[in-house]
Amino acid sequence: MSAPIVIHRPSPTGGRRVTIRGQIAGLAYDDQDVIEFLRRAGLPDAQQLLDRPEWVEWRGGRAHTYAAA
């Protein structure tokens with residue numbers, strides 16, 4: 001089973017698309033953006049989930065890096 005939260009590769013203009021259970025949550029430019037998307041999805045302790053691979057999959061780039069590709 002894959003992680004329910006996917007943080008996709010950095011875009012050419014910066015930021016990373018975030019999907020939660022296959023639904024696009026938004027474009028994040030930093031961890032705070034991701035945390036806000038997860039909070040809105042009903043995960044109030046989202047900050048603690050960012051480094052847990054069973055919850056979050058970082059694709060196509062280093063974790064916590066949002067600079068343009």
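Everything quoted here is computed from the prediction, not taken from an experiment.
Contact annotation: the side chain of L49 never approaches that of I35 to less than 4.5 Å [non-hydrogen atoms, C-beta and beyond]. Side-chain contact check for V34 versus Y66: some heavy-atom pair is nearer than 4.5 Å. No side-chain heavy atom of I7 sits under 4.5 Å from any side-chain heavy atom of R59.
Annotation for P10 and G60: closest pair CD-O, 3.5 Å, computed over non-hydrogen atoms. Across all their heavy atoms, A68 and T13 have their closest contact at CB-C, 4.0 Å. Between P4 and E54 the shortest heavy-atom distance is CD-O, 3.4 Å. Closest heavy-atom contact between A41 and I20: CB-CD1, 3.8 Å. Heavy atoms only, all atoms of each residue included: P53 and A3 are closest at O-CB, 3.6 Å.
Every residue two or more places apart in sequence or in another chain was checked for a salt bridge (charged side-chain N to carboxylate O under 4.0 Å, His left out) with R9, and none qualifies. Checked against side chain to side chain donor-acceptor pair (under 3.5 Å), Q23 has no partners two or more places apart in sequence or in another chain. Residues forming a side-chain contact (heavy atoms from CB on, under 4.5 Å) with R17 (at least two apart in sequence, or on another chain): H8, T19, I24. Every residue two or more places apart in sequence or in another chain that forms a salt bridge (charged side-chain N to carboxylate O under 4.0 Å, His left out) with E36 is listed here: R39, R40.
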Problem - side chain to side chain contact (heavy atoms under 4.5 Å, CB included) between V56 and V6, worked out - result: CA-CA 6 Å; V56 177; V6 178; over 6 Å; no
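Between the side chain of W58 and the backbone N or O of L50 there is at least one donor-acceptor pair closer than 3.5 Å.
The stretch residues 42-51 participates, sequence neighbours left out, in no salt bridge (charged side-chain N to carboxylate O under 4.0 Å, His left out) pair at all. Sequence neighbours left out, not one pair with a member in residues 21-35 passes salt bridge (charged side-chain N to carboxylate O under 4.0 Å, His left out).
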